[in-house]
Amino acid sequence: MNLPDAHRRALDATGRIVANIKPDQLDASTPCEDYDVRGLLQHVISGNYWVAPLVEGRTIEEVGDALDRDFAADEYDASATSAGDAFAQPGAMQKPVAVSYGPVPAEVYAGHRFIDVLIHGWDLAKATGQDMRLDAELVSACWEVINPQMELLKGSGMFGTEVSVPPDADSQTKLLAALGRRA
């Protein structure tokens, strides 16, 4: 799996969902308990804008409150381009990144951003009545990122409590369930 490519594809897929959110849906609840649609859009767009400065070597403290503002949904594309371009730079995946959970290689951070964008795209689709099918290749790539760190992710509080599903459930349903979502 080429992580920067998978990340960009997830950004594009979520961008298609964001483009179809109607203004009267912004207050709708999402499967992500901490956010309504508006809040989840803020979370994803802000997260995208954080990528470039962190991959460039800046710390959270150095960025400070520069990204503390309300983002409009129409800023999603610019934020996605910024994040995708930052991870695609030659050598970017090997750079150390000072994120809130400690300094990690950018490859680890890119994996977490990929999961975040893909799953929150699904959250937004569900909340706004859009097609919730995820690209099968992205689901497979997400499993590649998640499997080696499943226990860490479960303990992080970043996702909901795992949901039980039948053993014969499809890969997307199992992925969503592992991250606390009910398909």
Side-chain angles (χ1 to χ4, degrees), residues 1-19 31-32 34-35 39-64 66-68 71 75-125 134-160 171-172 174-176 178-181:
M1 167 187 56
N2 179 308
L3 191 51
D5 287 347
H7 176 252
R8 192 175 303 268
R9 286 179 55 199
L11 288 164
D12 291 346
T14 296
R16 287 188 291 278
I17 295 161
V18 169
C32 188
D34 294 338
Y35 298 109
L40 195 51
L41 281 170
Q42 294 297 310
H43 170 74
V44 173
I45 293 169
S46 174
N48 287 343
Y49 277 129
W50 272 96
V51 173
L54 294 178
V55 171
E56 290 166 3
R58 295 176 65 195
T59 65
I60 292 170
E61 293 77 25
E62 289 171 338
V63 176
L67 297 173
D68 291 348
F71 297 98
E75 292 181 79
Y76 179 85
D77 289 342
S79 76
T81 297
S82 175
D85 289 352
F87 284 136
Q89 294 298 312
M93 292 295 95
Q94 292 73 43
K95 291 183 176 182
V97 178
V99 292
S100 61
Y101 45 93
V104 297
E107 182 176 32
V108 170
Y109 178 46
H112 293 170
R113 289 294 311 144
F114 165 57
I115 296 166
D116 200 61
V117 169
L118 184 67
I119 300 305
H120 286 323
W122 182 88
D123 291 335
L124 291 167
L134 298 174
D135 178 298
E137 289 180 5
L138 293 179
V139 169
S140 178
C142 200
W143 276 117
E144 284 183 47
V145 172
I146 288 174
N147 278 330
Q149 43 187 322
M150 184 62 82
E151 293 309 311
L152 171 74
L153 290 171
K154 284 180 184 177
S156 72
M158 290 174 25
F159 298 99
S171 189
Q172 174 177 320
K174 288 178 181 179
L175 174 67
L176 293 168
L179 299 175
R181 275 37 177 205

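Heads up: numbering here begins at 1 and tracks the sequence.
The shortest heavy-atom contact between Val51 and Ala86 is CG1-CB, 3.7 Å. Residues Ala83 and Leu11 approach most closely at CB-CD1, 4.3 Å, considering heavy atoms. The heavy-atom pair separating Ile115 from Cys142 by the smallest distance is CG1-SG, 3.8 Å. Nearest heavy atoms, Asn2 versus Pro4: OD1-CD, 3.0 Å. Of all heavy-atom pairs spanning Arg8 and Ala88, the tightest one is NH2-CB, 3.7 Å.
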Report the C-alpha separation of Asp12 and Arg9 in whole Å, then their side-chain angles, then the decisive distance to 0.1 Å, and conclude whether the salt bridge (Lys or Arg N to Asp or Glu O under 4.0 Å) test is met. CA-CA 5 Å; Asp12 291 346; Arg9 286 179 55 199; over 6 Å; no
Check step by step if ring pair (Phe, Tyr, Trp, His ring centres under 6.0 Å) holds for Tyr49 and Phe71. CA-CA 10 Å; Tyr49 277 129; Phe71 297 98; 5.4 Å; yes
Just do the side-chain contact (heavy atoms from CB on, under 4.5 Å) check on Arg181 and Leu175 with the steps written out, would you? CA-CA 8 Å; Arg181 275 37 177 205; Leu175 174 67; over 6 Å; no
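In this structure, Asp123 CG and Asp116 CG are separated by 9.0 Å, a value rounded to the nearest 0.5 Å. In this structure, the separation between CG on Asp5 and CZ on Phe87 is 13.0 Å, given to the nearest 0.5 Å. Distance check: Gln42 CD to Leu67 CG gives 11.5 Å after rounding to the nearest 0.5 Å. For the atom pair CG (Asp34) and CG (Leu40), the distance works out to 10.0 Å, reported to the nearest 0.5 Å. In this structure, Ile146 CD1 and Phe114 CZ are separated by 8.5 Å, a value rounded to the nearest 0.5 Å. The distance from atom OG of Ser140 to atom CG of Leu138, rounded to the nearest 0.5 Å, is 9.5 Å.
When side chains are defined from C-beta on, Val108 does not count as touching Val99, because their heavy atoms never get closer than 4.5 Å. Counting only heavy atoms from C-beta outward, the side chains of Thr14 and His120 never approach each other to under 4.5 Å. Using a 4.5 Å heavy-atom cutoff, the side chains of Glu144 and Leu3 are not in contact. Side chains of Val139 and Lys174 form no contact here, defined as non-hydrogen atoms less than 4.5 Å apart. In this structure the side chain of Leu118 never reaches within 4.5 angstrom of the side chain of His7, judged on heavy atoms. Taking the side chain as every heavy atom from C-beta outward, Ile45 and Val18 never approach each other to under 4.5 Å.
The environment of Glu75 atom CD is dense: over 12 non-hydrogen atoms of other residues, nucleotides or ligands sit within 6.0 angstrom.
Judged by distance alone, with hydrogens and angles left aside, the side-chain atoms of Arg58 form no donor-acceptor pair with the main-chain N or O of Pro53 at under 3.5 Å.
The aromatic rings of His112 and Tyr101 sit tilted relative to each other, their planes meeting at an angle between 30° and 60°.
Applying side-chain contact (heavy atoms from CB on, under 4.5 Å) to Tyr76 and the options Thr81, Leu41, Ile17, Val44 leaves one that passes, Val44.
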